[in-house]
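Only one structure is covered here, and it is reproduced in the block below.
Since we're looking at a predicted model, the values are computed, not measured. As a basis for the values below, the full set of heavy atoms in this structure was taken, side chains included, without hydrogen atoms, waters or symmetry mates.
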Protein chains: 2
Amino acid sequence: MAAVDLSAHPGHLARRLQQAHHLLWNTMVSEEITSPQFAVLNALVAEPGLDQRTVGERVGLDRSTIAEVISRLDRRGLLGKVRDPQDGRRFLLRLTEDGVRVHRKLTVRTARMNQVFLGPLSGAEQAVFLDLIRRVADAAEGLRNPGGAAESLAGRS
Amino acid sequence: MAAVDLSAHPGHLARRLQQAHHLLWNTMVSEEITSPQFAVLNALVAEPGLDQRTVGERVGLDRSTIAEVISRLDRRGLLGKVRDPQDGRRFLLRLTEDGVRVHRKLTVRTARMNQVFLGPLSGAEQAVFLDLIRRVADAAEGLRNPGGAAESLAGRS
DNA sequence: CCTCGTTTGTCGGTGCACTGAACAATACCG
DNA sequence: CGGTATTGTTCAGTGCACCGACAAACGAGG
């Protein structure tokens, strides 16, 4: 029996980590607005008037997924989409007042939740934790678009 | 504009980490069998004859999700389910020969993939990385079942 | 026995996430 | 100007993940 210890597999741990986060988010932040939805709201607070594709790029969601998330936020009246008069392909997105309000409220709660989530780690460990995840995620993402900006991974042709 | 830097949010990073893993899994391990499906195969290699619920507990999936994953593996002929003669509620699960074969093949590939995935980190960092994720995930999971082991979070009343 | 409460699995509903394909509007090139 | 990419959005299909409700099966008391 060649069974493996899953607790040494980063993918398995990543999944469990996200489940843990989902659980905490539901109880401490919101049952209506999900974490990806909040990320979209946040992106539009920072840069109102973005189009869908760019928002997706900012928060790390592909075109299909971002379309669903945005349509949900639209249905709830948290943002509005209008066609760009300059470029009839895009929708320009901006938050409604409701959207801004929701974002403000959840910002406070997410901060509290993050403290609880990272509670088991010391301050120094938390910084290391975030740094390590970011490095692993960035590297793997770099494998996808070799032709992005000035790149990360060494192998330029 | 009270926008927040998402790259300091562990939940956001956790999601991106999983996406990165998903991408690598698809290209380096299998497009047919997913990571959760492999986890189930692995659990049944270690302990043949488990029931669905217990498998779900081993790999960290709830009853609904594990049912879907198992039905997929069943449809592909990688495992068989028979009712427990002792307890008519459960199904006893065991891998078919095909299932064992697939598990063996993927075990090799996952090992390779994990090396690439963790490649950006040094050996020492990899150990820290896995340890930190495990601690955070375990702690948050502990919040769910207060009746688990001894308790984690400091802020008791 | 026969009810009461629990456990196992299923089902319906919602939501994230990816792929690949279709479509429309725009931009580029000869 | 016309034809061909390129880009932004949508749609169909698959799969993970959660919750709540439900039926069948079990277990313990009466």
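Using a 4.5 Å cut-off between side-chain heavy atoms of Ile, Leu, Val, Met, Phe, Trp and Tyr, B:Val82 falls into a hydrophobic cluster with B:Leu92. Here B:Val4 is tied to no hydrophobic group at all, with no ILVMFWY side chain closer than 4.5 Å.
Rounded to whole angstrom, the span from the CD1 atom of B:Ile70 across to the C1' atom of C:dG9 amounts to 10 Å. Rounded to a whole Å, the CG atom of A:Leu50 is 14 Å from the C1' atom of D:dG8. The CG atom of A:Asp62 sits 17 Å away from the P atom of D:dG15 (whole-angstrom rounding). Distance CZ (A:Arg83) to P (C:dA25): 7 Å, rounded to an integer number of Å. Atom CD1 of A:Ile66 and atom P of D:dG8 are 14 Å apart (whole Å). If you measure from atom NE2 of A:His21 to atom P of C:dA17, you get 11 Å, rounded to the nearest angstrom. At whole-Å resolution of the value, CZ in A:Arg53 and C1' in D:dT10 are 16 Å apart. Whole-Å rounding puts the B:Phe38 CZ to D:dG15 P distance at 18 Å.
Among the heavy atoms of the strands, none lies under 4.0 Å from A:Asn26. Within the nucleic acid shown, A:Arg63 comes within 4.0 Å of at least one base atom, counting heavy atoms only.
The nearest pair of heavy atoms linking B:Ile33 to B:Trp25 is O-NE1, 2.8 Å. For B:Leu17 against A:Ala14, the heavy-atom pair with the smallest separation is CD2-CB, 3.7 Å.
Checking side-chain atoms of B:Arg134 against main-chain N and O of A:Ser7 turns up a donor-acceptor pair under 3.5 Å.
For A:His12, there are no ring-ring contact (aromatic ring centres under 6.0 Å, His included) partners at least two apart in sequence or on another chain. Take B:His22 and apply the ring-ring contact (aromatic ring centres under 6.0 Å, His included) test, not counting sequence neighbours, and it matches no residue. Partners of A:Asn114 under the side-chain hydrogen bond (donor to acceptor under 3.5 Å, both in side chains) rule, at least two apart in sequence or in another chain, do not exist in this structure. Evaluation of the salt bridge (charged side-chain N to carboxylate O under 4.0 Å, His left out) rule for B:Asp74 yields no partner, not counting sequence neighbours.
Over its length, the helix from C:dC1-D:dG30 to C:dG30-D:dC1 turns its helix axis by 10°, as judged from the five terminal pairs at each end, rounded to 10°.
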Write out a two-atom table: protein N or O, nucleotide N or O from nucleotides 26-28 of chain C, distance below 3.5 Å.
unit_1: C:dT26; atom_1: OP1; unit_2: A:Gly88; atom_2: N; d: 3.2

Tabulated below should be each protein N or O lying under 3.5 Å from an N or O of nucleotides 13-16 of chain C; please produce it.
unit_1: C:dG15; atom_1: OP1; unit_2: A:Arg76; atom_2: NH2; d: 2.8
unit_1: C:dC16; atom_1: OP1; unit_2: A:Thr34; atom_2: OG1; d: 2.7
unit_1: C:dC16; atom_1: OP1; unit_2: A:Gln37; atom_2: NE2; d: 2.9
unit_1: C:dC16; atom_1: OP2; unit_2: A:Arg72; atom_2: NE; d: 2.5
unit_1: C:dC16; atom_1: OP2; unit_2: A:Arg72; atom_2: NH2; d: 2.7

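Comparing A:Arg90 and A:His22 by the nucleotide of DNA chain D whose heavy atom lies nearest to each, the residue mapping closer to the 5' end is A:Arg90.
Within the structure, every pair that satisfies the salt bridge (Lys or Arg N to Asp or Glu O under 4.0 Å) test and touches residues 12-34 of chain A, not counting sequence neighbours, is listed here: A:Arg16-B:Asp138, A:Arg16-B:Glu141. Sorted pairs that involve residues 108-123 of chain B and meet salt bridge (Lys or Arg N to Asp or Glu O under 4.0 Å), not counting sequence neighbours, are lacking altogether.
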Report, one line per pair, each donor and acceptor closer than 3.5 Å where one atom sits in a side chain of residues 99-108 of chain B; sequence neighbours left out.
unit_1: B:Arg101; atom_1: NH2; unit_2: B:Asp98; atom_2: OD1; d: 2.5
unit_1: B:His103; atom_1: NE2; unit_2: B:Asn42; atom_2: OD1; d: 2.8
unit_1: B:Thr107; atom_1: OG1; unit_2: B:His103; atom_2: O; d: 2.7

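Taking side-chain N and O atoms only, B:Lys81 has no distance below 4.0 Å to OP1 or OP2 of C:dT8.
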